[in-house]
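Structure first, then comments.
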2 protein chains.
Amino acid sequence: MITVIITFMQKLTAQRQAILDLINASNRHWDADEVARALVDTGASIGIATVYRGLSALESQGLIDSIQLADKKRYERADKAHHDHMVCTGCGHIEEFSHDTIEALQEAAAEKKGFKLTGHQLVMFGFCRKCRQELDT
Amino acid sequence: MITVIITFMQKLTAQRQAILDLINASNRHWDADEVARALVDTGASIGIATVYRGLSALESQGLIDSIQLADKKRYERADKAHHDHMVCTGCGHIEEFSHDTIEALQEAAAEKKGFKLTGHQLVMFGFCRKCRQELDT
DNA sequence: AAATGTAATGATAACCGTTATCATTATCGT
DNA sequence: ACGATAATGATAACGGTTATCATTACATTT
């Protein structure tokens with residue numbers, strides 16, 4: 001096997017700093033378009049391509065996290081403990097949760113199949129408390 | 001809230017039967033393009049749009065299952081017990097596994113947040129036994 | 001401070017999986 | 001067989017994302 005590893009300096013430019021600040025300022029889960037829109041609204045000048053590149057650069061540096069939903073990727077702050085997500089299919093609300101036992105059992109299940117885990121993603125779908133009530137009316 | 005439910009007959013046409021037979025004949029996880037290619041290879045005449053429509057029709061009837069990966073959707077036989085997936089990022093191999101305790105804990109975690117679960121998807125990423133060995137060489 | 005090398009930017013084209021459109025064909029119940 | 005309606009297939013369109021490329025910004029060296 002031939003492995004080539006190319007490394008280069010990642011620059012934390014003004015645009016990337018702005019993206020990082022925006023994401024760090026809340027607990028929201030942002031898609032690329034929302035980030036671009038929010039930054040432009042504050043008067044910043046940033047192209048959509050720069051947002052996409054900035055988001056993946058920041059993620060590869062571990063400065064932000066992401067979850068891959070069916071249609072798009074969403075980014076969130078990285079300075080939180082590991083957690084998974086529940087997505088309300090009614091209103092889009094995303095709730096976070098973490099469960100050490102589930103994590104441990106996943107690791108054990110992988111090991112049993114000979115897998116060396118590098119990551120996982122657990123997304124649960126359903127109706128949040130609010131949407132659940134509206135369904136009953 | 002206004003809810004409109006429109007129901008109509010779903011026809012099991014020759015094309016859809018061919019898709020169903022193909023998927024039922026193995027344990028593979030097919031994407032739409034692979035299905036179309038495989039059917040055309042057997043001499044069948046089927047358009048890619050028909051494959052997409054057939055796949056979602058069959059899934060909505062519970063005749064096949066699917067998993068949503070980052071880039072595309074993959075379909076598999078439905079006549080298996082519920083299970084989740086481990087995807088090898090080295091070779092693309094998909095391994096299935098099931099774990100009742102994890103399922104139960106998920107349900108409990110959702111309930112604690114007030115969520116009424118409708119489904120979930122757990123995908124674990126890593127290296128399968130074979131790719132793991134190649135990494136060490 | 002000027003020059004140099006390199007990564008980032010931004011506008012836009014391209015990409016890829018998927019869905020919509022629409023005229024035509026096939027299917028099912030009667 | 002007839003009539004109603006769903007399915008088909010070719011292709012356009014869509015939406016999120018990535019590639020292209022000329023230009024700009026940055027850090028390091030002279």
Closest to side chain of A:Y52, choosing from C:dT27, D:dT20, D:dT18
D:dT18

Out of D:dG9, C:dA8, D:dT8, which has the shortest distance to the side chain of B:R16?
D:dT8

Does CG belonging to A:D100 count more than 12 external heavy atoms closer than 6.0 Å?
no

Check the phosphate of C:dA8 against A:T50, side-chain N and O only, distance under 4.0 Å to OP1 or OP2. Yes or no?
no

If you measure from CG on A:D41 to CD on A:E34, what distance do you get to the nearest 0.5 Å?
11.5 Å

[X] [atom1] to [N] [atom2]: how many Å, rounded?
X     : N      : atom1 : atom2 : value
A:D71 : D:dT17 : CG    : P     : 8 Å
B:I19 : D:dA7  : CD1   : P     : 12 Å
B:L58 : D:dT8  : CG    : P     : 10 Å
A:I48 : D:dG16 : CD1   : C1'   : 9 Å
A:I46 : C:dA11 : CD1   : C1'   : 14 Å
B:E34 : C:dG17 : CD    : P     : 10 Å
B:D33 : C:dC15 : CG    : C1'   : 14 Å
B:L69 : C:dC16 : CG    : P     : 18 Å

Step by step, work out the ring pair (Phe, Tyr, Trp, His ring centres under 6.0 Å) result for A:H82 and A:H99.
CA-CA 9 Å; A:H82 169 76; A:H99 202 301; over 10 Å; no

Say whether A:E59 and A:S66, considering side chains only, have a donor N or O and an acceptor N or O under 3.5 Å apart.
yes

Please evaluate residues A:H29 and A:H85 with respect to the criterion ring pair (Phe, Tyr, Trp, His ring centres under 6.0 Å), reporting the C-alpha separation (whole Å), side-chain torsions for both, the decisive distance (0.1 Å), and the verdict.
CA-CA 11 Å; A:H29 299 76; A:H85 297 89; 5.0 Å; yes

By nearest-heavy-atom nucleotide on DNA chain C, the more 5' of B:K73 and B:Q15 is B:K73

Let me spell it out: for each of A:A14 and B:K72, pick the nucleotide of DNA chain C with the closest heavy atom. Which residue's pick is nearer the 5' end?
A:A14

Judged by each residue's nearest nucleotide on DNA chain D, which is more toward the 5′ side, A:R53 or A:T13?
A:R53

